[in-house]
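Here the structure is laid out as structure tokens; the discussion comes afterwards.
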Amino acid sequence: MNYPFELKPLDYSYEALEPFVDAATMALHHSKHLNTYVTNLNNALEGQPKFHSWTIEQLASNWDQLPENIATIVRNNGGGVYNHNLFFNLLKKDVAEPTSGPLYDAIVAKFGSMQAFKEDFKAAGLGVFGSGWAWLVADKNGDLLIIKTPNQDVPNLAEFTPVINLDVWEHAYYLKHQNRRPEYIDSLLKVIDWQKAEANYVNK
């Protein structure tokens, strides 16, 4: 994916994740918030043909190599596009938690159990001050790590492969959960597409 960027359609309807994620939040989150990031990113790059061949991954992680007048805009909006595309792609209802497989084995080896991982991941999401993301990432050796990023920053993609990410900006949950971030995270953990998460891990 490179310039001009487009709003990537979801593989499911806005109401598909009910009751865990409400349709109103999904519609606002995808069609308004993500679409704004796409629009702002395209506007910033419009007069910069040198960077039109850059992928969203390159832009989001190498924004400091861009001209000063667009670097922050690309950092915020390019990160917003990358982060949200990954996030929305990893949501699906009625996918069973894994009990075997490469990702399951790596989670158990690192955290002790799936339940322990979920508790640590939730703690990371709760530990983000203000707006940002919690991530499960894998290093080049396949070792897992939970990290946090502020705002729309992305992990170091040269060092880590994102496996799962969790949006803890208020726009992701406020319509339904208001200020109850713990409740929102519990709901999100019920709609992780573990098959896609494992594909992210295996294809690191």
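Just so you know, these numbers come straight off a predicted model, no measurement behind them. All values below were derived from every heavy atom in this structure, side-chain atoms included, with hydrogens, water molecules and symmetry-related copies excluded.
- Within the 6.0 Å centre-distance limit, the rings of F87 and W133 are counted as a close aromatic pair.
- Using a 4.5 Å cut-off on side-chain heavy atoms (C-beta onward), K204 and V163 make no contact.
- A distance-only check finds a donor-acceptor pair linking the side chain of R181 to the backbone of G125 [under 3.5 Å].
- Y201 places a side-chain N or O within 3.5 Å of a backbone atom of G142 that can act as its donor or acceptor partner.
- Expressed to the nearest 0.5 Å, how far CH2 of W135 lies from CG of L144 amounts to 15.0 Å.
- Side-chain contact between Y14 and S31 is present, with heavy atoms from C-beta onward closer than 4.5 Å.
- A 6.0 Å sphere centred on NZ of K196 holds more than 12 heavy atoms belonging to other residues, nucleotides or ligands.
- Residues N156 and S61 fail the side-chain proximity criterion, which asks for heavy atoms closer than 4.5 Å.
- Classification of the H171-Y37 ring pair by plane angle, with boundaries at 30° and 60°, yields tilted.
- Atom CG of L17 is separated from atom CG of D94 by 10.0 Å, given to the nearest 0.5 angstrom.
- No more than 12 heavy atoms of other residues, nucleotides or ligands sit less than 6.0 Å from atom NZ of K50.
- For the pair L175/L28, a side-chain contact is recorded, criterion being any heavy-atom separation below 4.5 Å from C-beta on.
- Using a 4.0 Å cut-off between a side-chain N of Lys or Arg and a carboxylate O of Asp or Glu, K93 and E15 do not qualify as a salt bridge.
- Counting only heavy atoms from C-beta outward, the side chains of Q48 and P67 approach each other to under 4.5 Å.
- Note that NE2 of H52 and CG of L59 are 9.5 Å apart. Values are rounded to the nearest 0.5 Å.
- The environment of E46 atom CD is sparse: at most 12 non-hydrogen atoms of other residues, nucleotides or ligands sit within 6.0 angstrom.
- Remark: the backbone N or O of I73 is paired with a side-chain donor or acceptor of N77 at under 3.5 angstrom.
- Between F51 and W54, the ring planes are perpendicular. Angles over 60° get that label, and only those under 30° would be called parallel.
- Of all the heavy atoms in N200 and P162, the pair that sits closest is CB-O, 3.6 Å.
- Formation of a donor-acceptor pair under 3.5 Å by the N83 side chain with backbone atoms of G79 is found in this model.
- No side-chain donor-acceptor contact under 3.5 Å links N62 to the backbone of Q65.
- Side-chain contact between P155 and I147: present, with at least one pair of heavy atoms (C-beta onward) separated by less than 4.5 Å.
- In this structure, OH in Y12 is found 7.5 Å from CG in N89, a value given to the nearest 0.5 Å.
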I'd like to know whether I70 forms a side chain to side chain contact (heavy atoms under 4.5 Å, CB included) with L45, so could you lay out the CA-CA distance, the side-chain angles of the two residues, the decisive distance to 0.1 Å, and finally the verdict. CA-CA 8 Å; I70 66 167; L45 294 172; 4.3 Å; yes
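- For the pair D143 and K110, the salt-bridge criterion is not met [side-chain N within less than 4.0 Å of a carboxylate O].
- To the nearest 0.5 Å, atom OG1 of residue T55 and atom CG of residue N2 are 7.5 Å apart.
- A distance-only check finds a donor-acceptor pair linking the side chain of E18 to the backbone of A23 [under 3.5 Å].
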Output, in order, the C-alpha distance, side-chain angles, deciding distance and verdict of side chain to side chain contact (heavy atoms under 4.5 Å, CB included) for T25 and Y173. CA-CA 7 Å; T25 294; Y173 61 90; 5.9 Å; no
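- Between W194 and A96, the shortest heavy-atom contact is CD1-O, 3.8 Å.
- Distance check: I164 CD1 to E198 CD gives 10.5 Å after rounding to the nearest 0.5 Å.
- Judged by distance alone, with hydrogens and angles left aside, the side-chain atoms of N151 form no donor-acceptor pair with the main-chain N or O of D153 at under 3.5 Å.
- At least one donor-acceptor pair closer than 3.5 Å links the side chain of K176 to the backbone N or O of P19.
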Might you work through the side chain to side chain contact (heavy atoms under 4.5 Å, CB included) test for I107 and M114, ending with a clear yes or no? CA-CA 7 Å; I107 286 174; M114 285 293 296; 3.7 Å; yes
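- At least one side-chain heavy atom of N165 sits less than 4.5 Å from a side-chain heavy atom of L90.
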Please walk me through it: do I56 and N85 pass side chain to side chain contact (heavy atoms under 4.5 Å, CB included)? CA-CA 10 Å; I56 191 64; N85 283 345; 5.6 Å; no
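- Ring geometry, F117 versus F111: the interplanar angle falls from 30° to 60°, so the pair is classed tilted.
- E183 contributes no side-chain N or O that, together with a main-chain N or O of H177, makes up a donor-acceptor pair within less than 3.5 Å.
- With a 4.5 Å cut-off on side-chain heavy atoms, L136 and L166 do not count as touching.
- Of all non-hydrogen atoms in Y82 and V154, the two that sit nearest each other are CD2-CG1, 3.7 Å.
- Within 6.0 Å of the CD atom in Q195, the count of heavy atoms belonging to other residues, nucleotides or ligands does not exceed 12.
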Could you walk me through whether T39 and N42 satisfy the side chain to side chain donor-acceptor pair (under 3.5 Å) test, starting with their C-alpha distance in whole Å, then the side-chain angles of each, then the deciding distance to 0.1 Å, before giving a yes or no? CA-CA 5 Å; T39 300; N42 283 334; over 6 Å; no
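- For the 3.5 Å distance criterion, the side chains of N76 and Q152 fail to qualify, holding no donor opposite an acceptor.
- Under the 3.5 Å distance criterion, with hydrogens and angles disregarded, no donor-acceptor pair is assigned to the side chains of H84 and H30.
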